[in-house]
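Presented below is the structure to which this report refers.
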Number of protein chains: 2
Amino acid sequence: MTTPTLFWIAPGAALVSLAFAYLFFRQLQTKSEGTERMREIAGYVSEGARAYLKQQYKIVAFAFIILTALFAFLAYQLHAQNPWTPVIFVSGGLFSGLAGYFGMKTATAAASRTAQAASESLNNGLRIAFRSGAVMGLSVVGLGLLAISIWFVILVQLHSPSGKPNMPFITTALLAFGMGASLQALFARVGGGIYTKAADVGADLVGKVEAGIPEDDPRNPATIADNVGDFVGDVAGMGADLYESYCGSILATAALGAAAFAYDPSLQIQAAVAPMVVAGIGIVLSVIGIYLVQAKKDASQKSLLHALDRGVNFAAIGIAVLSIPVIFGLGLPNGWGIWTAIVIGLIAGIAIGKATEYYTSSDYGPTLSISENAETGPATVIIAGLGTGMISTYIAVFAVCISIIFSYSAASGFDLANMAGGLYGIGFAAVGMLSTLGVTLATDAYGPIADNAGGNAEMSGLPSEVRQRTDALDSLGNTTAAIGKGFAIGSAALTAMALMASYVFADPNIDSYKNANELLLNYINTHELHLLNPRILIGLFIGSLMAFLFCGLTMNAVGRTAKDMVEEVRRQFAKDDKILKGESTPDYASCVSISTQGAQREMLTPALIAIAAPVCIGLLFGPAGVIGLLVGGLATGFVLAVFMANSGGSWDNAKKFIEEGNHGGKGSAAHKAAVIGDTVGDPFKDTSGPSLNILIKLMTMVSIVTAGLTLSYSLF
Amino acid sequence: MTTPTLFWIAPGAALVSLAFAYLFFRQLQTKSEGTERMREIAGYVSEGARAYLKQQYKIVAFAFIILTALFAFLAYQLHAQNPWTPVIFVSGGLFSGLAGYFGMKTATAAASRTAQAASESLNNGLRIAFRSGAVMGLSVVGLGLLAISIWFVILVQLHSPSGKPNMPFITTALLAFGMGASLQALFARVGGGIYTKAADVGADLVGKVEAGIPEDDPRNPATIADNVGDFVGDVAGMGADLYESYCGSILATAALGAAAFAYDPSLQIQAAVAPMVVAGIGIVLSVIGIYLVQAKKDASQKSLLHALDRGVNFAAIGIAVLSIPVIFGLGLPNGWGIWTAIVIGLIAGIAIGKATEYYTSSDYGPTLSISENAETGPATVIIAGLGTGMISTYIAVFAVCISIIFSYSAASGFDLANMAGGLYGIGFAAVGMLSTLGVTLATDAYGPIADNAGGNAEMSGLPSEVRQRTDALDSLGNTTAAIGKGFAIGSAALTAMALMASYVFADPNIDSYKNANELLLNYINTHELHLLNPRILIGLFIGSLMAFLFCGLTMNAVGRTAKDMVEEVRRQFAKDDKILKGESTPDYASCVSISTQGAQREMLTPALIAIAAPVCIGLLFGPAGVIGLLVGGLATGFVLAVFMANSGGSWDNAKKFIEEGNHGGKGSAAHKAAVIGDTVGDPFKDTSGPSLNILIKLMTMVSIVTAGLTLSYSLF
C-alpha cells in the first residue's frame, strides 16, 4: 500500500522551508558587517556561542549514547521495546541539534549586520533581524517535518504485511523521534537558560548595581557572556523547545489518528498523515507570511508591529481556510469536527498570547501597578509581581480548558464517550496552534538578534540613534516573544494530553483490539486509572512535586552560577583598575567559560530526574502511577509555567517603564527596586518557566518509550 | 440502639479538656500584669484584637446567614440536601468562633503577664506563655470533639429506624459541621493573615527601613497593629485552621468507617465512633503532656526545647500504645491494619515537621546558604529562597505518599481493590497525626504570646535581659511552630483525600448498596472518574489554577493593605515630627483600623471564589469535574503550601542569623537584603501558604454539601 497522495505535501513543504532558510542565510551573508570594531565584537559573541554549542553537544551526545545503548538493550535483548526506537530516538535529537546549529549560526552572523542596517533605517534593521530569525523558524519546521516524513515512508514500506501498513506499530515507533527531540530540548532549554541568566544576573549585579556602568558596557567582563546568552537561551533554547513541541504534536496526533480509526485501515493511514499535511500547508503559508513582513522606509514602531502581525495573521487565517480541503481531501469522517479543533487551537494560542501581553506589557494595569509598587521598595515589587503572576494564570488555564472541551466534543462527534475521536481532536488543536510556527518562531527569534545588535552598537560606539532603533526593535520583539511563549505553553498542555493518550496505545497488547474506545476502556479498567486509586493519587502528588522540584533546581542553578560570575567580575575589577576606566580590555573569555561550565554542570541533575522519575514510578506503581505522574506534572507544571513566565515578563517591563522616566526614572530608588524585581524574574521567565513545558513532555515521552518495561514489572 | 460504651470517652475527654482550659485561664488571671505602662500597652493590643474579632465575626455571621439560607432552601424546598445540613453547618462555625474567642482572650491577657514573669526567670516566662497557649489548644480540641459527640448522639437517637441507626445518613449530615468549621477557618486564616502581614510589612518598611528605628518601637504608629496581628493571625487564625483540620479528619474518617463496614450494622457504628474515641484518648494524653512541660528554674534554651519535646512525645507515644485497646475494644476487624495507619500518620507528621525544621532553621545548610546569598544583594536572596523552598517540598510529598500507600495497604488488608477499607486507613492516618493536637497546638500558640511579651517589654522599657528572655522563648516558638505547620499541612493532605471519598458516599443513591467497594466502583464507572475523561482533566487544571489564584489574591491583598499602612505611617511622621523624637504618642488606632478594614475588604473575594468554584464546576461538568477540581487543588495546593511555608520560614531565620552578627550583622548591606527576603516571606508563610490547606478542604466540604445539587443538574 502506498501513502496517500496528499501526504507528499508534507515532505515537499519541508524542502521548500529549508530552501528558503538557505536563501535567507545567503542573502544575509551579502550584507555589510559594519566597522572593524563591530566585526570584532560580533566575533567574540559568535566564538562564545560556537564554543558553548560544541560543549553542549558533547554532553548531549554522551547522554544520547547511554540512553540509546539502554534502549537497544531493551529492544534487542529484553524485547520490551520497539526495535526501531534506538535509531529513531537518535535521529530526533540529531535533527533538533542541526536546527539549533543553523539558527545559532545565522543569528550570530546577523547581530552586527542588523546594527549596521539599523544605522541606515528602522525598516532595514527589522528586515535583516526578521529574515535571520526566519532561518531559525524555517529550519525548525523544515527539519522536523522532513525527518518525520522520511521515517514515515520508510516504516510504511517496511511494515506493511500483505499490503496493509501496521499503523499502531509505525506511529508508536515514530514517537521515539519525539523523545529524542524532547531530550535535546531539555538540555538546550535548561543549559541555555542557566547560561544566559547566570550571565545576565551576574553582569547586572556587579555592573549595573555595584559599579554603576550601563547595560552592554564593554568595560563589564560579563558583557560578552550576556550577549552570547541571548543566542544560547533565546534562540537555540527556544528553537529546540518549539521543535520538540512541533514534532510532538504531529506525532501524538498521528498516533491517536491511527488508533481512533483502527476499525478502517484505509482511513487509518489518512488520519495518521492528516496532521503532517496540515503542518505542511502551514509551512507554505509561513513562508508567504514571512514575505509579508515589510514596512515603509521610515516606519513607526506601531507600523512595524502591524507588519509582524500581518505575517502571522495571514498564516493563521490561511490555515483555517486551507485545512478544509486537506481534511476533506483525505476523506476523514466528521471533517468539520476536526476542522473546529484546529481553529480552536489557533484561537486559544492567540488568546493566551494576548493575555500574556496584557499581563506583561507596561501598556496595561497589572505591570503599571508593579512599577508603582517599586516606590515602596524591592519587597513590595516582588510581592506584587508574584501575586499578579499567580492571578494571571487564569486566562491561560481557561483557554486550555475551553480548547479541551470544545476540540474534544467537536472531534468526537459530540459523543464524550468516543474518547479516541475526542483525544484526536485535542491533538489537532495542538497541531493547529503550532502549524504556523515557521513565521511565529521567526518573530520570536528576531528579538534576541535585535537585542544583540543593540549590544553590538553600544560596544562599538555607534551613534545613539542606532541604539534607539535597535531598542525599538527589541521592545517590539518582547511583545511578539510574549505571544510566542503563549503558543509554546498552550501547545505544550494540549500536546502532553494527546501524548498521554498515546501512552495507552503504546500498550503492546493493542493488536487484539479493533475498536480504540474499547481498548481505552479496557485499559482504564485493568489499570484502575480512576481518582480513588492510591497509585494514581501518589502519581499526582509526585507529578506536582516534579514541577516544583525542577524549578527549584534550575533557580538555584542560576543563583549559583550567577554568584560565580559576580565573584569573577569583582576579581577582574579588583585586579586591574584600568578596566573600569576603559583603558584595558577585560577578560571576556573567563566569564564565557563560567557560564558554559555552570550550565553544563547544573543541567545534568534536572535532566536525570526528569528521565528517572517516570521509570521509577512505573516500576513502583505501574501504569496507574505513571499516568498519575504525567497528569500531575501537567496540571501543576502548566500553571506554574504560566505564572513564572508572566511574573518574569511583568517585572522586566515594569523596570523598562521606570527607565523611560516614570516613578523617578533611571537611578531612582524605585528603579533600583525594579531592577531587583527584574533580576528575580530572569530565571523565572527564561530558565525555570519555559523548561517546565519540556519537562512535562519529556516525562511523557520517556513513559511511552519505556511503557513495555513498566507494564511487565511493577511493585505495587 | 445505643452508642458503644467506649464512645463516651469522646465527650468525657472533651469536657476534661474544657475544664483544664478554664483552670489554666483562671490561674493566668491571678498572675501580675506588671507595671502601669505594661498594662497600658497590653490594653492597646487587647482592645485592637477585640475590635478586630468583633468586626470579623460580623462579616462571618453575614456569610453564614446567606449560606444557611441557601442550604435551607436546598434542603427544605428543593429537597436536594440533608435536612440537618443548615443547622449543623451553623454550629460548626459557631464552635470554631468560640474557640477562637477563648484563645484570643487568654493570649491577649497573657502577654504582659509573660513579660512580667520573664523578668523573674526564663522558666516562669515559659510556664505562663505555654499554659496560655494550652488554653487555645484545649479549647480547640475540647469544643470540636464535644460538639461532634453531641450531634452524633442526637442524630443516632433520631435516625435509628427499627433500632438500627442510619449511619451513612448520620455521618454525611455531620460533614456539614466540618464545612462550617472550614468556612470560619478560611475567614480567620485569610483575614488574620492579611491583617498581621500588612501590619508587619508596613511597620518594617517605614519603621525599620526608612526611619531606622528598631522592631516594636513605641514611636512606630504601626507597632500596636503589628502586635495585634500576632494574635489575630497566629493565634486565632492558626487555631481556627487546626480546629477545622481536627474536626474534618474525625468526620471524614467516621463517614468512611460507616461506609466501609456497611455490610455489618453493628460494626458500622463502631467504625464511625472509632476516630472520636482515639481523639478523646489523645485529649487526655495532651493534658498530661501539658503538665510535663516543666523546666528547672534557670533552664537553658536547649533544656526548654527538651521540656516542650517531652510533652509532645509523651502524647504521641501514648496514642500509639492506647489506640490498641481502643481499636480492639471496639471490635474492628483488621485492627492491626488500622493501628498501623494511626502510627504512620503520627510518624509522617513528625517527619514533615523535622524536614520543615531542617529547611527553615539556621542550624542547617539550606538557610545558611540563603543568608550567604544576602551578600550579593536582595535578588540573590529571593532567588535562593524560592529555589530552596521549591526543592524542600520533596520530603513532605514523600512523607504523604508513603503514608498514603502504607496506611491504605495496611487498613485494606493488603488488598488494594478494597478501596473503602484503604481510604478509611488514610482517614485514620490523619486522625493519628492530629490526635495530640491539644498539646502540639499549645506549643504553636505559645510562640506569638512570647513574641508579644517581647513587644510589651520593649515598649514598656523593661531591662534588656527581659527582652533577651522573651526572644529566647520566641525563637523556641519558631522551631515548634515549624513542626506544628508540618502537622497542619500533612494532615490537610490526608484529610482532604478522606473527604474526597466521603464526597462519593454523599451520593443520595447510597442506600441501594450493601457493599461500599461495589458502590465506589459503580460510582467511578457511572461518572467516568478516569484520567482520560476531559471533564476530569479540566477539573484538574482548574483545581491547580485555584491554588495559584488564591495565593495570588491573598499576596496582592497583603501588598495593597501594607501599602496603605506605609502611607499612613509616613503621613503621621510627616504631620508631627515629635513622634520620631518620642515626645508625642502616635495614633495607633488608625493603623489598627487600616489593618482591620484591609483584612475585611480583601478576604471576601478569595472566600467567594473558594465557595463558588466547586458549585460552578459541578454544574458544568458534574461529579467528574468536581473530583478533578478537588484532586487538582490538592495535588498543586499541597506542594505550593509547603513551598511557601518553607521559603518564608527560611528567609525569616536567614535574617535572624544575620542579625546575630553574621555576614556583617545588623545594619549591613547583607542584613538589608535579608530583611527584604523576610518581608517577601511574610505573606508566603503566614497568609497565602497556610490558607491553602483550608482552601482545599473548604472546596471539598462545599462539594460534599452541594453534592445533591450538582448530581442532579450538570451541563456537560
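Just so we're on the same page: letters track the sequence lines, and every chain starts at 1. Since the structure is predicted, the reported quantities are computational estimates derived from the model, not experimental observations.
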>> Other residues, nucleotides and ligands only: do more than 12 of their heavy atoms fall within 6.0 Å of NZ on B:K563?
In response: yes
> Which heavy-atom pair separates B:I538 from A:I405 by the least distance, and what is that distance?
Replying inline: CD1-CB, 3.5 Å
>> Counting heavy-atom pairs under 4.5 Å with chain B, which one of A:I391, A:I402, A:L520 comes out on top?
In response: A:I391
> Which one of B:G539, B:A396, B:G681, B:P534 has the most heavy-atom pairs closer than 4.5 Å to chain A?
Replying inline: B:P534
> Do A:L386 and B:F684 have side chains that get closer than 4.5 Å, going by heavy atoms?
Replying inline: yes
> Got B:M419 and A:E528 here, is their nearest side-chain heavy-atom distance under 4.5 Å?
Replying inline: no
> In terms of heavy-atom pairs under 4.5 Å with chain B, which of A:V680, A:V642, A:T679, A:L205 leads?
Replying inline: A:V680
> Of the non-hydrogen atoms in B:A635 and A:S544, which two are nearest, and what is the gap between them?
Replying inline: O-OG, 2.8 Å
>> The test is side chain to side chain contact (heavy atoms under 4.5 Å, CB included); show your working for B:Y408 and A:L537 and say whether it passes.
In response: CA-CA 12 Å; B:Y408 184 105; A:L537 291 169; over 6 Å; no
> B:F643 vs A:F548 aromatic rings, parallel, tilted or perpendicular, using cut-offs 30° and 60°?
Replying inline: tilted
> Can you name the nearest heavy-atom pair linking A:C551 to B:M390, along with the distance?
Replying inline: CB-SD, 3.5 Å
>> Is B:S392 in contact with chain A via its backbone, its side chain, both, or neither, using a 4.5 Å heavy-atom distance?
In response: neither
>> I'd like to verify something: which residue of B:N373, B:I676, B:T380, B:N525 has the highest number of heavy-atom pairs under 4.5 Å with chain A?
In response: B:I676
>> Looking only at heavy atoms and a cut-off of under 4.5 Å, which of A:L549, A:L545, A:V631 has the most pairs with chain B?
In response: A:L545
> Measuring heavy-atom distances to chain A, does B:M546 have an atom under 4.5 Å in its side chain, in its backbone, in both, or in neither?
Replying inline: neither
> Between A:T388, A:T376, A:L531, which residue shows the highest count of heavy-atom pairs closer than 4.5 Å to chain B?
Replying inline: A:L531
> With side chains defined as the heavy atoms from C-beta onward, is the minimum distance between B:V639 and A:T636 less than 4.5 Å?
Replying inline: no
> What part of B:E567 is in contact with chain A, defined as an atom under 4.5 angstrom from a non-hydrogen atom: side chain, backbone, both or neither?
Replying inline: neither
>> At a 4.5 Å cut-off on heavy atoms, which part of A:V566 comes close to chain B: side chain, backbone, both, or neither?
In response: side chain
> Under a 4.5 Å heavy-atom cut-off, does chain B meet the side chain of A:F550, its backbone, both or neither?
Replying inline: neither
